[in-house]
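Here the structure is a predicted model, which means the values were calculated and not measured. Chain identifiers are assigned alphabetically (A, B, ...) following the order of the sequence lines, protein sequences preceding nucleic acid strands; residue numbering begins at 1 within each chain.
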2 protein chains.
Amino acid sequence: MTEPSTAGRDSRAVSKFVEGFAAQLVEAGMQRMAARVFAALLASDSGAMTSAELGDQLRVSPAAVSGAVRYLAQVHMVSREREPGSRRERYRVHSDQWYEAVTSRDAVLTRWEQSLREGVDSLGAGTPAGERLAETLAFFEYLDGELVQLMARWREHRDRTFGKG
Amino acid sequence: MTEPSTAGRDSRAVSKFVEGFAAQLVEAGMQRMAARVFAALLASDSGAMTSAELGDQLRVSPAAVSGAVRYLAQVHMVSREREPGSRRERYRVHSDQWYEAVTSRDAVLTRWEQSLREGVDSLGAGTPAGERLAETLAFFEYLDGELVQLMARWREHRDRTFGKG
DNA sequence: CCTTAACTTCACAAATTTCTGAAACAAGCG
DNA sequence: CGCTTGTTTCAGAAATTTGTGAAGTTAAGG
């Protein structure tokens, strides 16, 4: 017998990946529900799902989906789409967009750098502690700049590998 | 009046930096106590502190310090030193060692890659979802390799800037 | 060896986070 | 306009995380 269209795939396999990958993300610091929603989108064929589909597949309430999606949208890991002429919303991983969000983490690095700058100032640039903070700061500033270039090279590499492949 | 030797520095300023920077680390996903211990070490002049000093400065129990240090040692952000002929242990940030730990995050990336590989297999390399996972996996593999080179360039850059400076 | 200082482990209490159901809110459609 | 469907907000219950005190372990020093 044929499976229903949305579940043409082995939903056992999908779930195993979703939960496993989400667990890894959680261990790295992401909120549990956000991780699960993200993994589910990543593992969907279209790369987009509605709130109802997510709630159904993950067995959670609309409220939980709402909260997770708000977070994911804030950090640019998914985008929201309004299907024209419907109150239904779709959440999508943009395949190239999302890992840019993971690496660039601009906001995080910037705040770290700001803290370190203040530390260097208040502890004194000449003190051993001040020098250690300054070196750390220099590292993050270096990292910032390098990541931009790294992402540029990745896009090129990706286009060669996937674009024409 | 002169301050006691260990607190020759403005302990108000130290604490402000420690708590502020730790908060940023927490927001990025690190455990609270580990973040505070790490920040305290970073802001110390010698780059090393004993368990007692840490507990005293952060106003927490030995147990809390123990837990935090175990974690930090596991992820190579501090190393433990046994002062010879004493049961006192010192915890140290190696100034160059620690941010290597932050970037390389080898363990994390490796586990992500493993999850993704399994996902590609079980969802099918030919399916749209499988292709998305494969592209994501390729990205992390690329990142792995690039980070190694990036760190090599940083060390060079650092030696030029701080080594002879 | 026995004492004692230092660290670790463990069970539990406190604080925080996470998810839910219910109610409020929005927006298409008749 | 009001009905209906879909999303968000909110207060609280449940689960998880975090830090403590106390007991346990290890090893230096008499």
OP1 or OP2 of C:dC7 under 4.0 Å from side-chain N/O of B:S51: yes

Expected output: side-chain A:T161 to main-chain A:H157 donor-acceptor under 3.5 Å: yes

Sugar-phosphate only, base, or nothing, as touched by A:V65 at under 4.0 Å among non-hydrogen atoms: nothing

Value rounded to 0.5 Å, distance of CG in A:L41 from CZ in A:R36: 12.5 Å

Spacing of B:M33 atom CE relative to C:dA15 atom P, expressed in whole Å: 14 Å

Protein-nucleotide distance (B:M49, atom CE; C:dC7, atom P), rounded to Å: 13 Å

Touch class at under 4.0 angstrom, heavy-atom based, for B:G85 against every strand present: sugar-phosphate

Integer-rounded Å distance: C:dC7 C1' and B:E53 CD: 15 Å

d(CG, A:L54; C1', D:dG6) in whole Å: 14 Å

Distance in angstrom units between B:R87 CZ and D:dA28 C1', rounded: 5 Å

Presence of B:R70 side-chain N/O under 4.0 Å of C:dT9 phosphate oxygens OP1/OP2: yes

Atom pair distance, as rounded to whole Å: CE in B:M30 and P in D:dT18: 12 Å

N or O in side chain of A:R88 less than 4.0 angstrom from D:dG6 OP1/OP2: yes

For atom CD of A:E81 and atom P of D:dT7, their distance in whole Å: 13 Å

B:R80 CZ - C:dA6 P separation (whole Å): 16 Å

Lys/Arg N to Asp/Glu carboxylate O, B:R88 vs B:E53, below 4.0 Å: no

B:T136 side, atom OG1; A:F21 side, atom CZ - distance, nearest 0.5 Å: 7.0 Å

Residue met sooner reading DNA chain C from 5', once A:R36 and B:T50 are mapped to nucleotides: B:T50

